[in-house]
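Let me begin by presenting the structure, written as structure tokens, before commenting on it.
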Amino acid sequence: MVDAKYIGLIVLAVFSGSMLVYTWLSLYNRYDPSVVFYAALLILSFSLMLVRAKTTQIN
């Protein structure tokens, strides 16, 4: 089971990553919502992979 602190960190990572991509894209007026979505999905999957590895080491 994933602890509440890990869920908070995952949400923070997804939010900050998607905002970073949004800022980069909107810098040159090239905002594309699908790119922001896929960046958030990538960050989410990477965060879950790290949390999964961390929680399996503890048990």
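Here the structure is a predicted model, which is why all the values come from computation and not from measurement.
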Atom [atom1] in [X], atom [atom2] in [Y]: separation rounded to 0.5 Å?
X   : Y   : atom1 : atom2 : result
L12 : I7  : CG    : CD1   : 13.5 Å
S45 : L50 : OG    : CG    : 9.5 Å
L48 : I43 : CG    : CD1   : 12.0 Å

Self-check item: Linked, directly or transitively: L44 and V36 (ILVMFWY side chains, under 4.5 Å)
Solution: no
Quiz item: Within a reach of under 6.0 Å around OH of Y31, are more than 12 heavy atoms found that belong to other residues, nucleotides or ligands?
Solution: yes
Quiz item: Do the non-hydrogen side-chain atoms of Y38 and V21 ever get within less than 4.5 Å of each other?
Solution: no
